[in-house]
Participant: 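Right, I'll just put the structure down here and ask away after.
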Protein chains: 2
Amino acid sequence: MPIPHETMRSLTEENYLKAIYRISLNKKLKISPTAIADEMGVSAASVIDMIKKLSEKKLISYDKVKGAKLLERGQKEAVAIIRNHRLWEVFLLEKLNYSWDEIHDIAEQLEHVKHPELADRLDAFLGHPEYDPHGDPIPKSNGDIPTTVKTLLSEIEIGKSCRVVAVKDTSSVFLQYLVQLSVNIGTKIKVLDIVPFDNSMLLQIGKEIKTTVSKRFAESLLVD
Amino acid sequence: MPIPHETMRSLTEENYLKAIYRISLNKKLKISPTAIADEMGVSAASVIDMIKKLSEKKLISYDKVKGAKLLERGQKEAVAIIRNHRLWEVFLLEKLNYSWDEIHDIAEQLEHVKHPELADRLDAFLGHPEYDPHGDPIPKSNGDIPTTVKTLLSEIEIGKSCRVVAVKDTSSVFLQYLVQLSVNIGTKIKVLDIVPFDNSMLLQIGKEIKTTVSKRFAESLLVD
DNA sequence: ATACAAAATTAGACTTGTCTAATAAACTAA
DNA sequence: TTAGTTTATTAGACAAGTCTAATTTTGTAT
Ligand SMILES: [Mn+2]
Ligand SMILES: [Mn+2]
Ligand SMILES: [Mn+2]
Ligand SMILES: [Mn+2]
């Protein structure tokens, strides 16, 4: 019976830490068992068990009214996994020529590969990229995360132009739609009109394409 | 209760397939529960359970007297994992500048990352390497494995020269010893003398180094 | 305040992969 | 062949992570 070292993390524990981190970015949301259950796609009962475990390991704090919160160690580990994830995404896109919409799922697996120097070596090999292919900042080795001004496309006014800096939704179906519309990180977009009825937007994408997109679309694209 | 698709492989199942494959390379050995238990570092009881499972999935056959044997599907999957492993080892050494003795453990994790095109893309990115950094052949996409003439250094006669083509032991401690002796894949070795008492060998390694090595050492190096 | 609804928690069960201890089968050496 | 030793197999238990079905607890709206 191998005694699990206190600092050993199972795949599952790592994914819970990531989920809690992700929810924490949404300052509005309380990190409740149900919120975590939604994020992880498991039952609330399962979450309660894991909350107990992560609390005992001092990776998170939990309080029925305040919800869960990453403690320092938990935060550090979550950020490290996200760093791995985003670096691997860059690798998959730039070196293995995968497309935008394929890389996330593979990175979900690669992010858990463990070796003390791996992220740093990968980072150096890739030339210290600042952003991943979806426009998300890649945490530095020390845990710092570069911040960027990001606005939802839906908040841009008629007549204004902007540049795509990131996607908020990394689902395959959304990314494929972007490819079809020739939208990429860096693409220039001008808001030509907004339909008052449902807030659909008429966009000029680059030089070529003029099209109307839904409010939901405009809320999934981050621009500068 | 998600019904596990018949073609889904757990990490554990994959490692058993690999272990069985590895034993099968040693034509002499019968692939018995104990042989597998040794290879995997688990109890024979655990092996019996897994043998049942893999048999039901038609990945192996098992018979008390004949032992276990990979069936076509099992063989194919084992070889695919080994292909992954060896390609990742090349990546880690050549692209991330890891050393000889560090790559195996990381590749043990990377080999299980799943995506239909991953091995082929990695293979192309690396320029279709034929051998991994330990001199082992990298299986082709179709499962073919280039064969090489390999002899144990221990079988070379006094006065003969040879070239290192592979290491039989990929343990860190052995590889570090090789580094210390300036032995690498391709290094030329001449057998100057053999001690009759214990079959130790006096070697000329490259131009510089002359040293005596144990029989065990000589049985861990493969030469052409 | 009461009553219903939503969220949190507990209880009990199941699956996978593991173990030890006991038993059964096979092998080996005198 | 018969005793003693390995192997193989079975039985029963356990840890991790999950689930469903209760059962609290909390919140909300009249
Ligand atoms: Mn991603
Ligand atoms: Mn993950
Ligand atoms: Mn290896
Ligand atoms: Mn493995």
Side-chain angles (χ1 to χ4, degrees), chain A residues 1-20 23 26 28-57 59-69 74 77 81 108-109 112 114, chain B residues 1-20 23 26 28-57 59-69 74 77 81 108-109 112 114:
Chain A
M1 62 254 63
I3 302 119
H5 193 314
E6 190 63 6
T7 69
M8 275 302 206
R9 300 288 163 261
S10 69
L11 220 209
T12 312
E13 289 173 323
E14 293 193 344
N15 282 332
Y16 272 95
L17 290 178
K18 261 214 313 178
I20 294 170
I23 298 168
N26 222 306
K28 302 142 214 168
L29 290 181
K30 175 177 143 190
I31 307 175
S32 58
T34 26
I36 299 172
D38 283 358
E39 184 71 32
M40 290 285 299
V42 299
S43 73
S46 303
V47 173
I48 298 271
D49 286 345
M50 187 53 81
I51 282 178
K52 279 179 192 143
K53 193 174 172 189
L54 296 177
S55 299
E56 268 160 27
K57 294 193 176 183
L59 294 165
I60 65 171
S61 62
Y62 179 67
D63 176 306
K64 194 196 293 219
V65 310
K66 291 188 173 179
K69 198 171 167 335
E77 295 191 19
I81 297 162
E108 283 293 306
Q109 302 173 61
H112 302 290
K114 221 132 345 268
Chain B
M1 60 247 76
I3 302 119
H5 193 315
E6 191 62 8
T7 69
M8 275 301 207
R9 300 289 164 259
S10 69
L11 219 211
T12 312
E13 289 173 324
E14 292 194 346
N15 282 333
Y16 272 96
L17 291 178
K18 260 213 317 178
I20 293 170
I23 298 167
N26 221 306
K28 303 141 212 166
L29 290 181
K30 176 178 143 188
I31 307 176
S32 59
T34 28
I36 300 171
D38 283 359
E39 184 72 31
M40 290 285 299
V42 299
S43 73
S46 304
V47 173
I48 299 272
D49 286 344
M50 187 53 80
I51 282 177
K52 278 179 193 144
K53 192 173 174 190
L54 296 177
S55 299
E56 268 160 27
K57 294 192 176 184
L59 294 165
I60 67 171
S61 62
Y62 179 68
D63 176 305
K64 194 196 296 220
V65 310
K66 292 188 170 180
K69 199 171 168 334
E77 294 191 19
I81 298 162
E108 284 292 307
Q109 302 172 60
H112 303 289
K114 218 126 358 259

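Numbered from 1 within each chain, the chains take letters A, B, ... in sequence-line order. These figures come from a predicted structure and were not determined experimentally. No hydrogens, no waters, no symmetry mates; every other heavy atom, side chains included, goes into these values.
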Participant: Does a side-chain heavy-atom distance below 4.5 Å link I31(B) with Y62(B)?
Facilitator: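 The answer is no, as the side chains (C-beta and beyond) never meet within the 4.5 Å cut-off.
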Participant: Return the OH to CG distance between Y16(B) and L59(B), rounded to the nearest 0.5 Å.
Facilitator: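 Rounded to the nearest 0.5 Å, the OH-CG separation comes out at 14.0 Å.
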Participant: In residues 11-19 of chain B, which residues come under 4.0 Å of DNA chain C by heavy atom?
Facilitator: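 T12(B), Y16(B), in order of number.
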Participant: Quick check: do I60(A) and L17(A) have side-chain heavy atoms less than 4.5 Å from each other?
Facilitator: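 Yes, close enough: below the 4.5 Å cut-off.
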Participant: Reckon K52(B) has a side-chain N or O less than 4.0 Å from the OP1 or OP2 of dT10(D)?
Facilitator: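 So the side-chain polar atoms of K52(B) do come within 4.0 Å of the phosphate oxygens OP1 or OP2 of dT10(D), strictly under.
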Participant: Please give, in whole Å, the distance from dT7(D) P to Y62(B) OH?
Facilitator: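 The distance from OH of Y62(B) to P of dT7(D) comes to 13 Å, rounded to the nearest Å.
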Participant: Within the distance-only criterion (no hydrogens, no angle test), does the side chain of D63(A) pair as donor or acceptor with the backbone N or O of K66(A) below 3.5 angstrom?
Facilitator: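 Side chain of D63(A) to backbone of K66(A), a donor-acceptor pair under 3.5 Å: yes, one is there.
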Participant: Kindly point out which of dT18(C), dC19(D), dT9(D) is positioned nearest to the side chain of V42(A)?
Facilitator: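 Looking only at side-chain atoms, V42(A) lies closest to dC19(D).
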Participant: Rounded to the nearest Å, what distance is computed from the CG atom of residue D63(B) to the P atom of nucleotide dT7(D)?
Facilitator: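 Rounding to the nearest Å, CG of D63(B) and P of dT7(D) are 18 Å apart.
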Participant: In this structure, how many angstroms lie between the P atom of dA16(D) and the NZ atom of K57(A), rounded?
Facilitator: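 Atom NZ in K57(A) sits about 8 Å away from atom P in dA16(D).
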Participant: Please enumerate all residues that pass salt bridge (charged side-chain N to carboxylate O under 4.0 Å, His left out) together with E77(B), with sequence neighbours excluded.
Facilitator: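 Result, salt bridge (charged side-chain N to carboxylate O under 4.0 Å, His left out) vs E77(B): R9(B).
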Participant: Between I31(A) (CD1) and dA7(C) (P), how many Å, whole number?
Facilitator: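 These atoms are roughly 16 Å apart.
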Participant: From CE of M8(B) over to P of dT16(C), roughly how many Å is that when rounded to an integer?
Facilitator: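 Taking atom P of dT16(C) as the reference, CE of M8(B) is at 13 Å.
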Participant: What's the CG-P distance between L54(B) and dT16(C), to the nearest Å?
Facilitator: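 About 13 Å, once rounded to whole Å.
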Participant: Tell me the interatomic distance from M40(A), atom CE, to dC19(D), atom C1', rounded to whole angstroms.
Facilitator: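 Spelled out: CE on M40(A) to C1' on dC19(D) is 14 Å.
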Participant: For the side chain of K30(A) and the backbone of V65(A), is there at least one donor-acceptor N/O pair under 3.5 Å apart?
Facilitator: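 Yes, K30(A) side chain to V65(A) backbone: donor-acceptor pair under 3.5 Å.
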Participant: For a 4.5 angstrom cut-off between non-hydrogen side-chain atoms, does T12(B) reach M50(B)?
Facilitator: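 Yes, their side chains come closer than 4.5 Å.
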Participant: Could you check whether any side-chain N or O of K114(B) sits under 3.5 Å from a backbone N or O of H112(B), counting only pairs where one atom can act as donor and the other as acceptor?
Facilitator: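 Yes: the side chain of K114(B) pairs with the backbone of H112(B).
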Participant: Can you see if the side chain of T34(A) gets near the phosphate of dA6(C) - specifically, an N or O under 4.0 Å from OP1 or OP2?
Facilitator: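 The answer is no; no side-chain N or O of T34(A) sits under 4.0 Å from OP1 or OP2.
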Participant: Could you state the CG-C1' distance from D38(A) to dA7(C), rounded to the nearest angstrom?
Facilitator: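 Between C1' of dA7(C) and CG of D38(A): 12 Å.
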Participant: How many angstroms lie between atom CD of E14(B) and atom CD1 of I81(B), to the nearest 0.5 angstrom?
Facilitator: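 Those atoms lie 4.0 Å apart.
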Participant: Hey, can you pull the residues of residues 43-51 of chain B with a non-hydrogen atom under 4.0 angstrom from DNA chain D?
Facilitator: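 Contacts with DNA chain D under 4.0 Å: A44(B), A45(B), I48(B).
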